[in-house]
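Report on the structure given below.
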Amino acid sequence: MTMQPWFPAAKLGVFLHYGIYAVDGVPESWSFYWGEVTHEQYMKQLDGFTASRYDPRAWADLFARAGARYAVLTARHHDGVALWDTAQGDLSVVRRSPAGRDLVAGYVDALRERGLKVGLYYSHSDWSHPDYASVRHPDIERWPQSHPGGNDANPYSHAAPGEEDPAAWDRYLAYRDAQVGELVERFRPDLLWFDGEWERTEQQWRIEELARLILSENPGTVLNARMLSHGDYATPEQGVPLEAPDGPWELCLTVNDSWGFQHHDDNHKSVRQLVRYFTETIGMGGNLLLDVGPREDGTITDEQIERLEGLGTWIGRHSDAVYGTAAGLPAGHHYGPSTLSADRRTLYLMCFDVPRESVAVRGLRNRVTRVTVLGTGTELDHRVIGGLDAVPGVSWIDAPGEADLDPYATVLAVELDGELDLYRGAGRD
């Protein structure tokens with residue numbers, strides 16, 4: 001499928017890990033998988049999940065203020081608890097918790113009212129389903145103890161040796177397909193964000209059939225890389241890659257250290273750090289999917305709201321350098337990230353630290369016609385020094401004054417006399 005143009009243009013999305021794990025503030029699904037709590041204790045959180053202050057319109061307003069163009073909500077994590085009124089069993093917050101209502105429907109409506117694209121997260125794996133641990137990954141014996149799927153001894157994910165039950169696995173896949181079908185038919189999401197793919201092969205998951213099911217109903221659905229050969233974009237997590245993945249991609253990043261709400265996790269990244277992650281990501285051509293974990297009542301913490309709004313304020317001041325841009329200069333041309341306008345005639349240079357004396361750009365074959373500070377419009381003097389034959393000189397830009405500095409990242413708009421033309425050679429022999 002051809003990538004939907006809205007996705008690479010979006011630049012920022014908000015990830016929401018919202019579920020019963022917020023009641024006790026334990027790691028989502030993993031807490032019982034790794035034995036930090038029993039499965040019974042984990043599921044008792046259903047009794048305390050109220051969504052009593054859940055206001056998806058307030059969420060959508062916040063995401064818009066942050067500058068996000070889409071969001072992704074955990075409709076069903078590895079624990080199997082659905083946030084919508086699924087007809088596939090009763091393990092949902094609608095039927096088993098005081099929340100008592102479909103939380104996905106309101107989220108979808110609120111995002112669409114604000115013009116935001118709708119993403120839903122769904123885990124291929126379900127560690128609570130009686131038919132899930134019925135087969136084994138064919139390479140499981142070679143998995144190290146640190147494999148993300150755990151080791152061979154975990155009863156939630158794999159059948160014991162010699163106890164595989166193909167008929168049970170067929171039942172599980174029918175259940176999964178029915179749930180995904182519900183999400184696609186009822187909500188028509190713009191994006192489906194799958195997870196848990198490591199526990200089975202593509203053939204075991206029957207990815208081809210699943211993709212056909214989704215796209216036959218809603219051909220415009222964007223699928224992430226955890227749909228394996230049918231994924232549309234790569235999904236690195238928790239760190240900007242040193243080299244951009246091939247094609248469209250998205251960095252998944254938590255505001256603190258946790259995906260879902262955890263009471264004692266106050267290790268929040270600063271707005272300055274988030275601006276840095278964001279600009280480094282878009283400067284390499286990716287999107288940032290920034291994760292927050294709402295409390296069980298549906299509210300987002302003040303600390304996370306402040307950071308989303310702080311990032312949004314920076315984006316609002318520098319929107320020309322964000323939306324409608326592509327990846328900027330390769331490493332080595334400028335000491336910081338950069339983006340390039342759609343017509344390839346304006347470079348946007350991000351400066352994290354206070355520029356001293358001048359900002360240099362190497363390898364520009366173009367003539368620079370004008371340099372301004374984005375957000376204030378102040379024009380800066382510039383000149384080229386050096387250069388020999390095919391090797392262009394260095395473009396030196398006078399540092400902006402204190403009044404033009406942004407507290408998080410100052411952006412210089414460098415206007416060129418034509419489309420960007422870079423020298424990438426090794427110099428004279």
Side-chain angles (χ1 to χ4, degrees), residues 1 3-4 6-17 27-30 66-74 77-78 117 119-125 143-144 146-150 190-199 202 205 207 221-260 267-269 273-293 307-308 311 315 322 325-331 336-339 350 352:
M1 185 185 78
M3 169 56 78
Q4 297 296 308
W6 71 263
F7 181 82
K11 306 303 180 183
L12 180 66
V14 177
F15 212 176
L16 293 134
H17 275 68
E28 60 292 332
S29 303
W30 294 99
R69 297 292 174 88
Y70 67 108
V72 178
L73 172 66
T74 48
H77 207 269
H78 314 316
K117 296 295 185 181
L120 295 176
Y121 168 113
Y122 184 88
S123 172
H124 291 294
S125 54
W143 284 1
S146 59
H147 188 279
D190 301 288
L191 183 154
L192 276 173
W193 209 105
F194 286 93
D195 200 7
E197 82 295 342
W198 64 84
E199 292 205 320
E202 179 154 351
W205 286 128
I207 292 292
T221 311
V222 175
L223 305 173
N224 73 337
R226 299 168 198 201
M227 272 293 283
L228 303 172
S229 68
H230 287 270
D232 297 310
Y233 69 94
T235 53
E237 290 187 27
Q238 296 290 52
V240 180
L242 296 180
E243 294 186 8
D246 293 334
W249 63 281
E250 167 193 79
L251 172 65
C252 313
L253 182 77
T254 51
V255 170
N256 53 10
D257 292 331
S258 308
W259 296 102
N267 190 31
H268 294 86
K269 298 169 183 67
Q273 288 172 322
L274 293 175
V275 168
R276 189 163 189 146
Y277 276 109
F278 177 63
T279 54
E280 287 175 345
T281 299
I282 66 171
M284 294 172 67
N287 289 354
L288 177 63
L289 184 62
L290 188 58
D291 177 79
V292 296
R307 282 154 178 82
L308 287 175
L311 177 58
I315 291 173
V322 175
T325 65
L329 298 168
S338 60
T339 57
M350 320 293 181
F352 297 130

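Counting begins at 1 with the first residue of the sequence.
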Is there a side-chain contact between [X] and [Y], using heavy atoms and a 4.5 Å cut-off?
X: D232; Y: M227; value: no
X: D190; Y: V222; value: no
X: T281; Y: N287; value: no
X: T325; Y: K11; value: yes
X: F352; Y: T279; value: yes

Parallel, tilted or perpendicular: which describes the rings of [X] and [Y], with under 30° parallel and over 60° perpendicular?
X: H17; Y: W259; result: tilted
X: W6; Y: Y70; result: perpendicular
X: H78; Y: W30; result: perpendicular

Taking every non-hydrogen atom, the tightest pair across [X] and [Y]:
X: G196; Y: S123; result: CA-OG, 4.4 Å
X: L290; Y: L12; result: CB-CD1, 4.5 Å
X: M284; Y: P241; result: CE-O, 3.1 Å
X: A71; Y: L16; result: CB-CD1, 4.4 Å
X: L120; Y: V72; result: C-CG1, 4.0 Å

- Message: If only side-chain N and O atoms count, and only distance matters, is there a donor-acceptor pair under 3.5 Å linking E250 with W193?
- Response: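 Yes, E250 and W193 have a side-chain donor paired with an acceptor closer than 3.5 Å.
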- Please identify each residue that fulfils side chain to side chain donor-acceptor pair (under 3.5 Å) with H268, with sequence neighbours left out.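 Checked H268 against side chain to side chain donor-acceptor pair (under 3.5 Å); zero matches.
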- Task: Starting from the C-alpha separation in whole Å, work towards a yes-or-no answer on side-chain contact (heavy atoms from CB on, under 4.5 Å) for L191 and K117.
- Result: CA-CA 8 Å; L191 183 154; K117 296 295 185 181; over 6 Å; no
- Can you tell me how far NZ of K269 sits from CG of L253, rounded to the nearest 0.5 angstrom? 4.5 Å
- Task: For E197, enumerate each residue passing the salt bridge (Lys or Arg N to Asp or Glu O under 4.0 Å) test, keeping only those at least two apart in sequence or located in another chain.
- Result: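 So E197 forms no salt bridge (Lys or Arg N to Asp or Glu O under 4.0 Å) with any residue.
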- Going by the ring-ring contact (aromatic ring centres under 6.0 Å, His included) test, which pairs reach into residues 232-258, not counting sequence neighbours?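 For residues 232-258, and leaving out neighbouring residues, the ring-ring contact (aromatic ring centres under 6.0 Å, His included) pairs sorted by first residue read F7-Y233.
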